[in-house]
Amino acid sequence: MRILLTGHEGCVGSHLSRFLEGKGYTVTPFQGDIRDRNNWDSYTYPNSEDRSQKWDSLIHLAAIPGVRRSFEEPEFYYDNNVNGTRLALEFGAENCHRHLYASSSNAYEWYGNPYAATKKMCEVMAHDYPNSKGMRFHTVWPGRDDMLYKKLERGEVTYINANHHRDWIHVDDLCNAIWKIMINFPNIVERVLDIGTGKSFNVLDMATKRFNWKGEIRKENPVGERVHTKANVKYLHRLGWQPKNNII
């Protein structure tokens, strides 16, 4: 199976590339700006009408993440996340048998911040492309360096919002879920799919139990941030997937 992967240098993409290669797949990293059609054209096979010449899968992970920064640079988020995904959808429809693109659990409350809005826009656009499925990633751990888990590891967290609950999914379990979706693609009716554990844990409990964290406890809800997240993973269970790692 030949897979074209965007965002291969990111937290999820780098793990996913190694995971799929370990399964024996050929993974080609997308190079260049996803907003440039010429970059996409360079990955078109000479005869895309020949099914044997198409990519088996496009996995589109490249995006600008982060809720708080999106308030400061909404146009930048729109340009990268929406315009880049539009080109990915067009390329996937013409050159790939299946297309998986990264959405976010934030899309459940798309009106809360510009980042969430861009992810919801991508899901709406994708309705016109039958060979695409969106993946609403929940909170990935260990995650990026700017995320809470990594900051807790480095001892950089001075306060935590006690009201917040998150569905934390380990990056290895996330990669396994993406693989399950990819190989069962024709049998999955859902067009947008949650990827999490189906369990939600209080952020303060996680920090205390896993890191023995001590700091300021707040009971506030910062603008644009979701209070409670929990994935619906019934379809993943039907595919035989179960998470192997628990945050607590």
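Because only heavy atoms are used, hydrogens play no part in the values below, and waters and symmetry mates are left out as well, while side chains stay in.
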Side-chain donor/acceptor of [X] to backbone N/O of [Y], under 3.5 Å:
X: S103; Y: M135; answer: no
X: D173; Y: N245; answer: yes
X: S200; Y: K230; answer: no
X: T85; Y: V82; answer: no
X: D33; Y: N39; answer: no
X: R210; Y: I247; answer: yes
X: R2; Y: Y25; answer: no
X: Y111; Y: A116; answer: no
X: S132; Y: A126; answer: yes
X: H165; Y: N163; answer: yes

Flag yes if [X] and [Y] sit in one hydrophobic cluster, no otherwise; membership is Ile, Leu, Val, Met, Phe, Trp, Tyr, and two members link when side-chain heavy atoms are under 4.5 Å apart.
X: Y129; Y: W55; value: no
X: V12; Y: I183; value: yes
X: F137; Y: I188; value: yes
X: M206; Y: I169; value: no
X: F76; Y: I34; value: no

Quick one: is the NZ or CZ of [X] closer than 6.0 Å to the six-membered ring centre of [Y], and within 45° of its axis?
X: R69; Y: Y115; value: no
X: K23; Y: W179; value: yes
X: K133; Y: Y101; value: no

Take K54 and E94 through the test salt bridge (Lys or Arg N to Asp or Glu O under 4.0 Å) and record every step on the way to the result. CA-CA 8 Å; K54 290 189 175 184; E94 297 175 1; over 6 Å; no
What's the verdict on salt bridge (Lys or Arg N to Asp or Glu O under 4.0 Å) for E216 and R218, showing C-alpha distance, side-chain angles and the deciding distance? CA-CA 6 Å; E216 180 185 354; R218 299 183 183 179; 3.1 Å; yes
Please walk me through it: do I3 and T26 pass side-chain contact (heavy atoms from CB on, under 4.5 Å)? CA-CA 6 Å; I3 299 168; T26 299; over 6 Å; no
Rounded to the nearest 0.5 Å, what's the gap from [atom1] on [X] to [atom2] on [Y]? Could you check?
X: L204; Y: N202; atom1: CG; atom2: CG; answer: 5.5 Å
X: T158; Y: K214; atom1: OG1; atom2: NZ; answer: 15.5 Å
X: L239; Y: I181; atom1: CG; atom2: CD1; answer: 7.5 Å
X: D145; Y: R154; atom1: CG; atom2: CZ; answer: 5.0 Å
X: L174; Y: T197; atom1: CG; atom2: OG1; answer: 11.5 Å
X: S70; Y: Y78; atom1: OG; atom2: OH; answer: 15.0 Å

Apply side chain to side chain donor-acceptor pair (under 3.5 Å) to T229 and D167, showing your working. CA-CA 6 Å; T229 68; D167 185 336; over 6 Å; no
Residues [X] and [Y] bridged, charged N to O under 4.0 Å:
X: E123; Y: R191; result: no
X: K150; Y: E156; result: no
X: R144; Y: E9; result: no
X: D79; Y: R35; result: yes

Closest heavy-atom pair and its distance - [X], [Y]:
X: F185; Y: N131; answer: CZ-O, 3.2 Å
X: I195; Y: A231; answer: C-CB, 4.3 Å
X: Y159; Y: E220; answer: CE1-OE2, 4.3 Å
X: I217; Y: A162; answer: CG2-CB, 3.6 Å
X: L152; Y: I160; answer: CD2-CD1, 4.4 Å
X: S17; Y: L5; answer: CB-CD2, 3.9 Å

Return each pair, listed once, that meets ring pair (Phe, Tyr, Trp, His ring centres under 6.0 Å) where at least one residue sits in residues 200-224; pairs must be two or more places apart or across chains. Y149-F211
Chi angles and distances behind the side-chain contact (heavy atoms from CB on, under 4.5 Å) call for L4, N95: CA-CA 10 Å; L4 180 61; N95 300 284; over 6 Å; no
Could you tell me if the side chain of [Y] sits less than 4.5 Å from the side chain of [X], heavy atoms only?
X: R136; Y: L193; answer: no
X: H164; Y: R226; answer: no
X: F71; Y: V223; answer: yes
X: V203; Y: L148; answer: yes
X: K120; Y: C122; answer: no
X: C96; Y: D56; answer: no
X: L58; Y: W40; answer: yes

Would a line drawn from the ring center of F91 to the ring center of Y43 be shorter than 6.0 Å? no
Side chains of S57 and H97: is there a donor and an acceptor less than 3.5 Å apart?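 Short answer, no.
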Quick one: do the D194 and N232 side chains pair a donor with an acceptor below 3.5 Å?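 Looking only at side-chain atoms, N232 and D194 do not form any donor-acceptor pair under 3.5 Å.
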I'd like to check the side chain to side chain contact (heavy atoms under 4.5 Å, CB included) partners of C175; sequence neighbours left out, ordered by chain and number.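 So C175 forms a side chain to side chain contact (heavy atoms under 4.5 Å, CB included) with H15, L16, F19, V171.
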Sequence neighbours excluded, which residues qualify as side-chain hydrogen bond (donor to acceptor under 3.5 Å, both in side chains) partners of N80?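 Not a single residue meets the side-chain hydrogen bond (donor to acceptor under 3.5 Å, both in side chains) criterion with N80.
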Have a look at S105 and tell me which of H138, R166, K119 forms a side chain to side chain contact (heavy atoms under 4.5 Å, CB included) with it. H138
Pair M182-L20, side-chain contact (heavy atoms from CB on, under 4.5 Å): steps then yes or no: CA-CA 11 Å; M182 185 179 70; L20 294 174; 4.1 Å; yes
If you count heavy atoms of other groups shown closer than 6.0 angstrom to CH2 of W241, is the number above 12? yes
Please assess H237 against Q242 for the test side-chain contact (heavy atoms from CB on, under 4.5 Å), listing each intermediate value before the final yes or no. CA-CA 6 Å; H237 292 167; Q242 292 287 343; 3.5 Å; yes
